[in-house]
Protein chains: 2
Amino acid sequence: MHILTGRARSDYLKKYPIDDFFSFDIQPYLEVCQFDKGEWIFQEGSFPDTLYYMLEGKAKLYMTHKNGKVSLIEYLKAPLFMGEIELLNEARYTKGIQTVTKTICYSITQSCKEKLLVDALFLRRLCLFLGEKATNMTAKYTQNQAYPLENRLAAFIQLSAEQGIYKEKHTEICEYLGVSYRHLLYVLAQFCEEQIVEKRKTGYHIIDKKRLAQLAQEIQ
Amino acid sequence: MHILTGRARSDYLKKYPIDDFFSFDIQPYLEVCQFDKGEWIFQEGSFPDTLYYMLEGKAKLYMTHKNGKVSLIEYLKAPLFMGEIELLNEARYTKGIQTVTKTICYSITQSCKEKLLVDALFLRRLCLFLGEKATNMTAKYTQNQAYPLENRLAAFIQLSAEQGIYKEKHTEICEYLGVSYRHLLYVLAQFCEEQIVEKRKTGYHIIDKKRLAQLAQEIQ
DNA sequence: ACAATAATGTGAGATATCTCATATTTTTAA
DNA sequence: TTAAAAATATGAGATATCTCACATTATTGT
């Protein structure tokens, strides 16, 4: 991670105004920082003391289980807060966050924690963010319980395909969908067999959009 | 649902002071209300316009999937907020909440919504509540992905047993744990076979506390 | 350019979990 | 009090998903 200054800093501040998140002047407490692709923003098990607001980029939220399994809990896409729960709740150990692309964030030091925690403007925004997060996790949780991979994968292919082509890394997606690598490949093969997608060098091409949507929509 | 007045009302207000949740006088906006056992506090798919704070009681948070499966998402135990996400986010349809026992709540009408949404004291408490909710759901989600029923059931038996006896309704718990009734019974039978619990008329008695803890603790 | 590492792909056999059918017991409501 | 509804129980066969072993093909760092 490195901190941007001068022109780079002011350009981001202009492009992503954040003043209206707070009812006090946040600038003295704020840095613009950049994480390179693959860098860890939070280490699993650490006690972070910085609140980040991601402006540009994409990251993965991870946790490792006692049995060694790793869950890719979700993809984080700008804009969003990171480390907000630790701000509210002192000394809460955190999950791991690793960037997928170059990522630009505002970092806000906890030195203005007192100010933040009495700022209704900021707190209201945080409530909205947290409410949405809770709602999303609940949705994911219940969907995972109620539907087999066939449906969840169909939904995920719809979501992540670009120009009708799905080309995510299997190793990553099986962690995200919470199934084994083997099983993911089975179901992909099944989609090929059913002519829903076609495997080419460029990726899996969606050929039966309708059927895919049908499988996905059973979820909601 | 009925609203308590007079002596009943003031007794609850005394027993569960709530003034320090707000920086303005909430009393004019507040009712004390009681739901009978089995009553629905929120109907699934409705657009609630009341914020509740549960003082006493226990309820179940439900959702029904398109495929007809019902998920018992979680048990709600006092104290907690209900309808808070709908307060923040207009017109968000909600999940169903049904009481398990007689339940006493404060209800706060949305007529003071404007006041609530600029009240840092209240918002901060809401942030804490929502943050915890998000954290819990995330934990549940990842655990369900990473462990078979054997471990999750062991953890649940530990949690819900009273005086070493587990006696929840199977029909409910299988929805809660997200497995079929049949499978729940299989794993319970397996616990009996392994002499971890013993089935008697009074319920399933825990006889190998250590082994149960071992299975449960693999989760975390 | 090459060795190390990561990602892909596949088979085989095990296990976790589901669906459905059906019988019995308990609880609930009229 | 009795009939209906809910909860418990169990078998049998299917399906979803896992683990492990191993081979092949990219990707990456030096």
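Protein chains get the first letters and strands the later ones, always in sequence-line order, with residue 1 at the start of each.
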task = Check salt bridge (Lys or Arg N to Asp or Glu O under 4.0 Å) between D11(A) and all other residues, then give those that pass, not counting sequence neighbours.
result = R7(A)
Using the 3.5 Å cut-off, write out each protein N or O paired with an N or O of nucleotides 20-27 of chain C and the distance between them.
none

key: NZ/NE/NH1/NH2 to OD/OE distance under 4.0 Å, K167(A) and E162(A)   = no
ask   = What side chain to side chain donor-acceptor pair (under 3.5 Å) pairs are there with at least one residue in residues 128-138 of chain B, not counting sequence neighbours?
value = E84(B)-K133(B)
task = List in chain and number order the residues that pass ring pair (Phe, Tyr, Trp, His ring centres under 6.0 Å) with Y75(A), two or more places apart in sequence or in another chain; answer none if no residue qualifies.
result = Y176(A)
inquiry  = Counting C-beta onward and ignoring hydrogens, is there a side-chain heavy-atom pair between I108(B) and T50(B) closer than 4.5 Å?
reply    = no
Please list each protein N or O that sits under 3.5 Å from an N or O in nucleotides 3-9 of chain D, with the distance.
unit_1 : atom_1 : unit_2  : atom_2 : d
dT8(D) : OP2    : H170(B) : N      : 3.2
dT8(D) : OP2    : T171(B) : N      : 3.3
dA9(D) : OP1    : K199(B) : NZ     : 2.5
dA9(D) : OP2    : H170(B) : NE2    : 3.3
dA9(D) : O5'    : K199(B) : NZ     : 3.2

query = Are E39(A) and K37(A) within salt-bridge range, i.e. N to O under 4.0 Å?
reply = no
query = ring pair (Phe, Tyr, Trp, His ring centres under 6.0 Å) with Y29(B): which residues, sequence neighbours excluded?
reply = none
ask   = Starting at NE2 of H183(B) and ending at C1' of dG13(D), how long is that distance when rounded to a whole Å?
value = 16 Å
message = Rounded to whole Å, please give me the gap between CG in L149(A) and P in dC18(C).
response = 15 Å
I'd like a table of atom pairs between the protein and nucleotides 26-30 of chain D - only N or O on both sides, under 3.5 Å - with the distance next to each one.
none

key: Partners passing ring pair (Phe, Tyr, Trp, His ring centres under 6.0 Å) against H170(B) (at least two apart in sequence or in another chain)   = Y204(B)
inquiry  = Whole angstroms only, please: what is the CD-P distance between Q145(A) and dA16(D)?
reply    = 18 Å
query = Between A189(A) and P148(B), which is nearer to the 5' end of DNA chain C once each is assigned its nearest nucleotide?
reply = A189(A)
ask   = So, for G38(B) and Q98(B), which heavy atoms are closest and what is the spacing to 0.1 Å?
value = O-NE2, 3.0 Å
inquiry  = Based on the rotation axes of five pairs at each end, what angle does the helix from dA1(C)-dT30(D) to dA30(C)-dT1(D) bend through, to 10°?
reply    = 60°
ask   = With sequence neighbours excluded, what pairs up with Y53(B) under the ring pair (Phe, Tyr, Trp, His ring centres under 6.0 Å) test?
value = F21(B), F81(B)
message = Side chains of L51(B) and S107(B), heavy atoms from C-beta outward: is any pair under 4.5 Å?
response = no
request  = Only counting residues at least two apart or in another chain, list the ones meeting side-chain contact (heavy atoms from CB on, under 4.5 Å) with D208(B).
outcome  = K210(B), R211(B)
inquiry  = Run the salt bridge (Lys or Arg N to Asp or Glu O under 4.0 Å) test against R182(B) and tell me which residues pass, sequence neighbours left out.
reply    = none
